[in-house]
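Note that the numbering runs from 1 along the sequence shown for the chain.
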Amino acid sequence: MSSSLESSKVAFIGGGNMASAIITGLVSKGISKQNIIVSEPWDVNRQKLDAMGVPTTTSNVEAAKDANVVILAVKPQVAKGVCQELGPAWTDRSALPVVVSIAAGITLESIVEWSKTSDGRTSHVVRVMPNTPALVGEGASGLFAGSDVTQEEKDLVTALMSSVSKATEWVHKEELIDIVTGLSGSGPAYFFNMVEHLIKSATALGMPEEQAARLAKQTCLGAGKMLVESSDSPSQLRINVTSPKGTTYAALQTFESLGFEKIVDEAVKAATNRAQELSKQ
């Protein structure tokens, strides 16, 4: 964990699931709860954070006034209003905070413009696309930094996201964040859907649903662990488990005949395109 993160004050604007996951990761890495504050309008979310021992407020300005890092963990449709509220409140600060946005589809240029101080200064901004496995400390995050973000600031954000992400990847073009969205941001849902249908198929063939669920879940967990820990490529791992003319071969031939590769390709493209549409809106 970066020493600069350990001494930083981190403000979360929004206290939903992803914010809670990151907070849990930070605390598990030794970050003091008193160096974290969350602005959250909803009583239920705020009560959950209070129970964790994390300071909360309903005021965005109060949360962010002394922070070194401000994490925008809000819905995209409210991001503009939040930034326009925060920027002028930072006018009297000599050093502006690093703004880390996990608001899907909101461009770096928009965040910079919306969060200007009254005297025209702008914060350094990093866009992050995390994913929901961050909730169990197994996240994957794509990051893109504005041209004015320093290496020290990038290291700070890397340390922050690494608290919940096993893969933290900086991309060199902002449009690649949309591909990250289609790949790892939306990716967990693809696998959940696959497992859902594996269970349904086994159940339809006569297996009790609870048994099918346990076998399917563990199969995916084990396969995922092999992907991460093996030096072999995904294609080689697939070959290793596929005996010529055997049961796995028969299943994979069915995938091929039904256009599985095209389905995956079109799904990732659809999610990527939707992310691009959201950024334009």
Sidechain-backbone polar pair: Thr150 side chain, Glu153 backbone, donor-acceptor under 3.5 Å:
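At least one qualifying donor-acceptor pair exists.
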Salt bridge check: are Lys65 and Glu62 linked by an N-O gap of less than 4.0 Å?
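Between Glu62 and Lys65 there is no salt bridge, as every charged N stays at least 4.0 Å from the carboxylate O atoms.
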Could Glu196 and Lys200 be called an ion pair, given the rule that one side-chain N must be under 4.0 Å from one carboxylate O?
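Here Glu196 pairs with Lys200 in a salt bridge, since their nearest N and O are under 4.0 Å apart.
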Common cluster, Leu72/Trp90, ILVMFWY with side-chain heavy-atom separation under 4.5 Å:
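Yes, same cluster.
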Cluster link Val180 to Val128, ILVMFWY, side chain under 4.5 Å
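Hydrophobic grouping puts Val180 apart from Val128.
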Answer yes or no: does atom CG of Asp92 have more than 12 heavy-atom neighbours from other residues, nucleotides or ligands under 6.0 Å?
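No.
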Taking everything shown except Glu261 itself, do over 12 heavy atoms lie less than 6.0 Å from its CD?
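Counting other residues, nucleotides and ligands, CD of Glu261 stays at 12 neighbours or fewer.
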Non-neighbouring partners of Phe192 that pass ring-ring contact (aromatic ring centres under 6.0 Å, His included), sequence neighbours left out
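Here no residue qualifies.
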Calculate, to the nearest 0.5 Å, the distance between atoms CH2 and CG belonging to Trp170 and Leu143 respectively.
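Separation between the atoms: 4.5 Å.
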Picking from Asn35, Leu160, Val54, what satisfies side chain to side chain contact (heavy atoms under 4.5 Å, CB included) with Leu26?
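Result for side chain to side chain contact (heavy atoms under 4.5 Å, CB included) with Leu26: Leu160.
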State which residue, out of Ile36, Val100, Thr56, fulfils the side chain to side chain contact (heavy atoms under 4.5 Å, CB included) condition with Phe12.
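Among the candidates, only Ile36 passes.
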Run the side-chain donor-acceptor check on residues 209-232: report pairs under 3.5 Å with partners two or more places apart or on a different chain.
unit_1, atom_1, unit_2, atom_2, d
Thr219, OG1, Leu215, O, 2.6
Ser230, OG, Asp232, N, 3.0
Asp232, OD2, Asn240, ND2, 3.4

Check: Thr181 and Thr272 side chains under 4.5 Å, non-hydrogen atoms
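They are not in side-chain contact.
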